[in-house]
Amino acid sequence: ANTAAELGSTMVAINLIDSAMERFGPNESFLTNKGIYYISQRKYLEAEELFRSVMASDSDVVAYYLNLASALASQDNREKKREALRLYTRIRDSLGADENFDSIIEALGDELRR
C-alpha cells in the first residue's frame, strides 16, 4: 500500500488496505495508514473518523493526535480548527517540535483570530 501511495495512487493503496482488513481484520496500522491516505485525497471527514476510532482503542499514541489534528485543521469548520489547535498545542512538547511545527500552531491560531 505504501508503495502504491508513493507512486501517486492513494486509491490503490486504500483498496489494498481494505483487502488486507477483509483478510486479516482491522488493526491500528491499517486504519492509520488509510487515514493518512484519506488526508492526501482531501477526504478529511473520513480521516477524522478513522483517527478518532484508533484513538478510542489507544489514546496514548502521539501520532494519532497529530494525524487527527491535521484532518481537523484542514476542514472548513471553526470548531474543528479550534480542536486541532488544542491537539497541536497538547502534543508540541511530546514531539520535540521545531520551528516548523510552531509555525503551524501560529498560523492556525492566526486563522482562528480572523
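Computed from heavy atoms alone, side chains included, the values below leave out hydrogens, waters and symmetry copies.
Remark: side-chain polar atoms of Ser74 are paired, donor with acceptor, to backbone N or O of Ser70 under 3.5 angstrom. At least one donor-acceptor pair closer than 3.5 Å links the side chain of Ser57 to the backbone N or O of Val54.
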When you look at Ile14 and Gln41, which way does the side-chain contact (heavy atoms from CB on, under 4.5 Å) test go after all the steps? CA-CA 10 Å; Ile14 289 171; Gln41 291 182 329; 3.3 Å; yes
Go through the steps for Glu106 and Arg92 under the test salt bridge (Lys or Arg N to Asp or Glu O under 4.0 Å), then give the verdict. CA-CA 12 Å; Glu106 185 178 327; Arg92 174 180 26 207; over 6 Å; no
For Glu79 and Arg82: C-alpha separation, side-chain torsions, deciding distance, then whether side-chain contact (heavy atoms from CB on, under 4.5 Å) applies. CA-CA 5 Å; Glu79 190 54 41; Arg82 282 188 199 97; 3.1 Å; yes
Between Leu45 and Tyr38, is the side-chain contact (heavy atoms from CB on, under 4.5 Å) condition met? List the steps. CA-CA 9 Å; Leu45 289 173; Tyr38 276 147; over 6 Å; no
Show the numbers, then the answer: is there a side-chain contact (heavy atoms from CB on, under 4.5 Å) between Leu72 and Arg52? CA-CA 11 Å; Leu72 293 169; Arg52 288 192 191 281; 3.6 Å; yes
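Across all their heavy atoms, Ser40 and Thr10 have their closest contact at OG-CG2, 3.2 Å. Minimum interatomic distance between Phe51 and Ile39 (heavy atoms only, all atoms of both residues): CE1-CD1, 3.8 Å. For the residue pair Ala69 and Ala84, the shortest heavy atom distance occurs at O-CB, 3.4 Å. Across all their heavy atoms, Phe30 and Ile17 have their closest contact at O-CG2, 3.6 Å. For the residue pair Tyr44 and Ala71, the shortest heavy atom distance occurs at CB-O, 3.7 Å. The nearest pair of heavy atoms linking Ala13 to Ala1 is CB-O, 3.2 Å.
Once rounded to the nearest 0.5 Å, the distance linking CG of Leu108 with OG1 of Thr89 reads 8.5 Å. Note that CG of Asn27 is 9.0 Å distant from CG of Asn33, once rounded to the nearest 0.5 Å. With rounding to the nearest 0.5 angstrom, the CD1 atom of Ile105 is 7.0 Å from the CG atom of Leu85. From Lys43, atom NZ reaches atom CD of Glu49 across 12.5 Å, with rounding to the nearest 0.5 Å.
No more than 12 heavy-atom neighbours from other residues, nucleotides or ligands sit within 6.0 angstrom of CZ on Arg90. Counting heavy atoms of neighbouring residues, nucleotides and ligands inside a 6.0 Å radius, atom CD of Glu28 exceeds 12 of them. Heavy-atom contacts from other residues, nucleotides or ligands closer than 6.0 Å to CZ of Arg23 number 12 or fewer.
Note on Val61 and Met55: same hydrophobic cluster, where clusters join Ile, Leu, Val, Met, Phe, Trp and Tyr whose side-chain heavy atoms are under 4.5 Å apart, directly or indirectly. No chain of hydrophobic side-chain contacts below 4.5 Å, direct or via other Ile, Leu, Val, Met, Phe, Trp or Tyr residues, connects Met11 to Leu31. Tyr37 and Val12 are members of different hydrophobic clusters when ILVMFWY side chains are connected at heavy-atom separations under 4.5 Å.
Between Lys80 and Glu48 a salt bridge is recorded (basic side-chain N to carboxylate O distance below 4.0 Å). Classification of Asp76 and Lys81 as a salt-bridged pair fails, no side-chain N sitting under 4.0 Å from a carboxylate O.
Under the 4.5 Å side-chain criterion, counting only non-hydrogen atoms from C-beta, Met21 is in contact with Lys34.
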